[in-house]
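Here is the structure we will look at, set down as structure tokens.
Owing to the predicted nature of the structure, the values given are computational and were not obtained by experimental measurement.
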Amino acid sequence: QVSLIESEGGSVQPGGSLRLSCVVSGDAYTNYCMGWIRQVPGKAHEGVAALYTGGRTKWYADSVKGRFMISQGSSKNTVYLQMNSLRPEDDAMYSCAAAKVPYHECSVDRLLLGDRGQGTQVTVSS
């Protein structure tokens, strides 16, 4: 099991941008499928973006493709989510997530079964 700590979210107007960061405390020698999931009250969690530490491939939910970008810090235990062109439907609780799985199992959906942080609120409203 790993520990995941997200940065504070925030409130932005539609069309605005926000960057989230997450620090994962775990086995420094293990690669993870890492990324972000989100939840709107009353709805199921949704996988947003994922990457595999040490790899180049990134996965995105269709709803955020072209607007969100996931990246890894110089330290492989840090992951970022740059959110651009935010929409009211992006308003949700965002959680950092990690799954100790092989590369071929990494996906935004696989993150839903992994460990997750406590979450941080992103509010998109005019």
Answer yes if the side chains of [X] and [Y] hold a donor-acceptor pair under 3.5 Å, and no otherwise.
X: N77; Y: Q72; value: no
X: T57; Y: Y103; value: yes
X: S63; Y: E46; value: yes

Would the number of heavy atoms belonging to other residues, nucleotides or ligands and lying under 6.0 Å from NZ of K100 be above 12?
no
For E89, I'd like to know if atom CD has over 12 heavy atoms of other residues, nucleotides or ligands within 6.0 Å.
yes
Consider only side-chain heavy atoms of I, L, V, M, F, W and Y, link residues closer than 4.5 Å, and tell whether [X] and [Y] are in one cluster.
X: V2; Y: Y52; value: no
X: V64; Y: V79; value: yes
X: V108; Y: L81; value: no
X: Y94; Y: V23; value: no
X: W59; Y: L20; value: no

Whether the side chain of [X] engages the backbone of [Y] through a donor-acceptor N/O pair (distance < 3.5 Å, no angle test) should be reported.
X: S3; Y: S25; answer: no
X: K58; Y: M69; answer: no
X: T78; Y: G73; answer: no

Distance, nearest 0.5 Å, that separates [atom1] of [X] from [atom2] of [Y]:
X: I37; Y: L111; atom1: CD1; atom2: CG; value: 7.0 Å
X: S125; Y: D91; atom1: OG; atom2: CG; value: 7.5 Å
X: H104; Y: C33; atom1: NE2; atom2: SG; value: 11.5 Å

Run L18 and V122 through side chain to side chain contact (heavy atoms under 4.5 Å, CB included) and show every step you take.
CA-CA 9 Å; L18 199 63; V122 172; 3.9 Å; yes
Are D62 and K65 ion-paired here, with the side-chain N under 4.0 Å from a carboxylate O?
yes
Check this for me, if you would: do D90 and R67 make a salt bridge, where the nitrogen-to-carboxylate-oxygen distance has to be below 4.0 angstrom?
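R67 and D90: salt-bridged.
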Nearest heavy-atom pair of [X] and [Y]: which atoms, and what distance?
X: S95; Y: G119; result: OG-CA, 3.4 Å
X: Q121; Y: M93; result: N-SD, 3.5 Å
X: L4; Y: C96; result: CD2-SG, 3.5 Å
X: L112; Y: G47; result: CD2-N, 3.7 Å
X: N84; Y: S17; result: OD1-OG, 2.9 Å
X: S21; Y: W36; result: O-CH2, 3.5 Å

Side chain to side chain contact (heavy atoms under 4.5 Å, CB included) between F68 and Q82, intermediate numbers included
CA-CA 6 Å; F68 289 14; Q82 178 66 43; over 6 Å; no
Stepwise side chain to side chain contact (heavy atoms under 4.5 Å, CB included) check, R116 with H45
CA-CA 11 Å; R116 61 184 67 165; H45 280 91; 3.1 Å; yes
Between V124 and R87, does a side chain to side chain contact (heavy atoms under 4.5 Å, CB included) hold up when you go through it step by step?
CA-CA 6 Å; V124 184; R87 303 168 180 170; 5.6 Å; no
